[in-house]
Amino acid sequence: MFKKSFALLLVLALVVSAFVGCAKQPAPQDQGAKQPAPAEEKKEMVLYWNLGADPKTLDPQLNSASDGGHVINNTFEGLMREVNGKLQPAMAESYEVSEDGLTYTFHLRDAKWSDGKPVTAHDFEFAWKRALDPAVASEYAFQLFYIKGGQEYFNGEGSRDDVAVKALDDKTLQVTLNAPTAYFVELTGFFTYMPVREDIVDNEGVWAKDPSKFICNGPFKLAEYKAGDKIVLVKNENYWRADEVKLDKIIGTMIVDQSTILTAYEAGELDIIDDVPTQEIPRLQAEDPTFRIYPLLGTYYYIFNVEKEPVNDVRVRKALTLAIDRKAIVETVTKGGQLPATGFVPPNLKDADGRDFRETAGNYGIDPNSAKVEEAKKLLAEAGYPDGKDFPTIELIYNTSEGHKAIAEAIQEMWNQ
């Protein structure tokens with residue numbers, strides 16, 4: 001049985017969403033019960049986990065969301081992998097960096113795809129250049145702009161051949177960067193950098209939701225996909241560390257309503273959830289010993305469409321940003337221990353000198369403890385909307401969740417005021 005409990009906590013830029021969770025503990029075994037015969041001892045280890053919304057994609061180069069990222073992280077593997085907060089060699093058995101810090105040479109281990117074919121350096125070269133291909137239009141292509149020629153290729157100012165990543169042979173991948181990047185090795189564990197097979201993928205990512213085409217190199221493989229219902233992952237027998245994978249199967253349900261999620265968990269139908277109704281957090285903390293809140297390095301934010309009025313005016317954007325009381329949101333809306341953040345980069349990320357980047361960068365004029373309403377009003381007046389007069393209706397779009405809705409409603413009220 002799966003015993004580990006966990007929860008997620010977001011550190012925010014504009015606002016925060018509660019991502020907390022818990023996992024069922026197994027009931028103590030009845031000491032008087034009949035012990036199973038040796039042939040019965042091996043039972044299928046299945047984890048029931050709520051994924052939430054149906055992921056937009058499971059294609060490593062097309063994904064830009066955490067739900068798809070969770071699945072990709074369990075089905076694919078990059079050159080490196082983060083385990084318990086520490087970076088470990090994964091597909092790369094070793095690597096060297098040139099003295100000038102620009103050229104990385106990775107040496108791949110013997111590993112196989114889920115269909116038994118070998119994972120090669122050519123698969124990585126193809127995947128990285130695919131992420132930068134303007135025809136693919138990857139939202140996270142910028143993650144590879146560190147590579148020499150990468151941004152130029154994506155912007156249509158250079159060619160695919162100009163991208164400085166090359167498979168020297170089946171087991172050796174070499175990449176040259178624009179400038180020394182101390183965290184580049186960490187980036188190679190991110191899903192955009194994970195390998196895919198040229199003979200399998202398509203530019204739209206349709207292949208990644210078809211179990212018959214979903215060829216992967218991670219600890220699990222896709223066995224079933226029912227849109228809006230569930231994803232079933234099973235152990236990948238060809239994974240290079242398959243003997244260390246304890247679970248036989250993961251069933252990921254797609255329940256989005258928080259109350260329904262919690263009901264299913266408390267009924268024993270789910271082992272792990274990471275999204276619960278905010279009002280239930282105090283009760284769960286008091287009654288459920290498996291309930292935990294742990295830190296998650298992340299940022300919850302809203303993004304403006306700068307090509308649409310009135311937010312094409314920087315003064316309006318600043319006004320709306322300053323009018324948000326982040327402290328009130330984390331204390332009265334999300335209530336999950338989140339921190340109001342004052343920039344896109346969250347706390348606990350170091351700068352080049354080893355200091356917390358947030359302390360180095362400052363708060364960009366944002367007060368984490370309250371809104372700057374008067375300053376926001378002044379900016380709005382300068383933009384031609386004194387006291388909000390003649391300010392047009394703006395549309396705020398958020399993804400499906402009661403938690404996101406509560407945050408959006410709180411911000412709507414702050415803006416109205």
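These values consider heavy atoms only, across backbone and side chains, with no hydrogens, waters or symmetry-generated copies. For reference, positions follow the sequence shown, starting with 1. Source: prediction; values computed, not measured.
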- [ ] Indicate whether the side chain of E77 and that of N217 have a donor and an acceptor atom separated by less than 3.5 Å.
- [x] no
TODO: Would you confirm whether R160, through its side chain, and D133, through its main-chain N or O, come within 3.5 Å as a donor-acceptor pair?
DONE: no
Task: No-hydrogen, no-angle side-chain donor-acceptor test under 3.5 Å, S114 and N238 - done: no
- [ ] Report yes or no: does T181 contribute a side-chain atom to a donor-acceptor pair with the main-chain N or O of A179 at less than 3.5 Å?
- [x] yes
Task: Pair E359 + R355, salt bridge at N-O below 4.0 Å - done: no
TODO: State whether the side chain of D248 and the backbone N or O of M45 hold a donor-acceptor pair below 3.5 Å, judged by distance alone.
DONE: yes
- [ ] Taking D271 for its side chain and L47 for its backbone only, find out whether a donor-acceptor pair lies under 3.5 Å.
- [x] no
TODO: May I ask you to test the F291-I281 pair for a side-chain heavy-atom distance under 4.5 Å?
DONE: yes
Open item on the list: Can you tell whether the side chains of K378 and E374 come within less than 4.0 Å, N to carboxylate O?
Closed with: no
TODO: Scan side-chain atoms only and decide if N63 and T57 contain a donor-acceptor pair under the 3.5 Å cut-off.
DONE: no
Open item on the list: Looking only at the side chains, is there a donor atom on one of Q61 and R130 sitting less than 3.5 Å from an acceptor on the other?
Closed with: yes
Open item on the list: Taking CD in E409 as the centre, count heavy atoms belonging to other residues, nucleotides or ligands within less than 6.0 Å. Is the count above 12?
Closed with: yes
Open item on the list: Closer than 4.0 angstrom, basic N to acidic O: yes or no for R358 and D356?
Closed with: no
Task: Carboxylate-amine/guanidinium contact K86 E82, below 4.0 Å - done: no
TODO: State whether a side-chain donor-acceptor pair under 3.5 Å links T120 with D170.
DONE: no
Open item on the list: Checking the side chain of D288 only, and the main-chain atoms of T290 only, is there a donor and an acceptor separated by less than 3.5 Å?
Closed with: yes
- [ ] Please confirm whether the backbone N or O of Y385 pairs with a side-chain atom of D390, one donor and one acceptor, at under 3.5 Å?
- [x] no
TODO: Report yes or no: do E96 and H107 form a side-chain donor-acceptor pair below 3.5 Å?
DONE: yes
TODO: Please test Y183 against Y146 for ring pair (Phe, Tyr, Trp, His ring centres under 6.0 Å), starting from the C-alpha separation and ending with a verdict.
DONE: CA-CA 11 Å; Y183 48 87; Y146 303 96; 5.6 Å; yes
Task: Intermediate values then yes/no, ring pair (Phe, Tyr, Trp, His ring centres under 6.0 Å), F76 and Y193 - done: CA-CA 10 Å; F76 287 86; Y193 280 81; over 10 Å; no
Task: Side-chain heavy atoms of E93 within contact of L108, under 4.5 Å - done: no
Task: Minimum heavy-atom distance P282-T278, with the two atoms named - done: CD-O, 3.8 Å
TODO: Measure the acute angle between the ring planes of F191 and Y140, then classify it against the limits of 30° and 60° as parallel, tilted or perpendicular.
DONE: parallel
Open item on the list: I'd like to know if the side chain of D210 reaches the main chain of V206, judged simply by a donor and an acceptor atom lying under 3.5 Å from each other, with no hydrogens or angles considered.
Closed with: no
- [ ] Determine, for D115 against R197, whether the closest basic-nitrogen to carboxylate-oxygen distance falls under 4.0 angstrom.
- [x] yes
Open item on the list: Do the side chains of D162 and K148 get close enough for a salt bridge, i.e. N-O under 4.0 angstrom?
Closed with: no
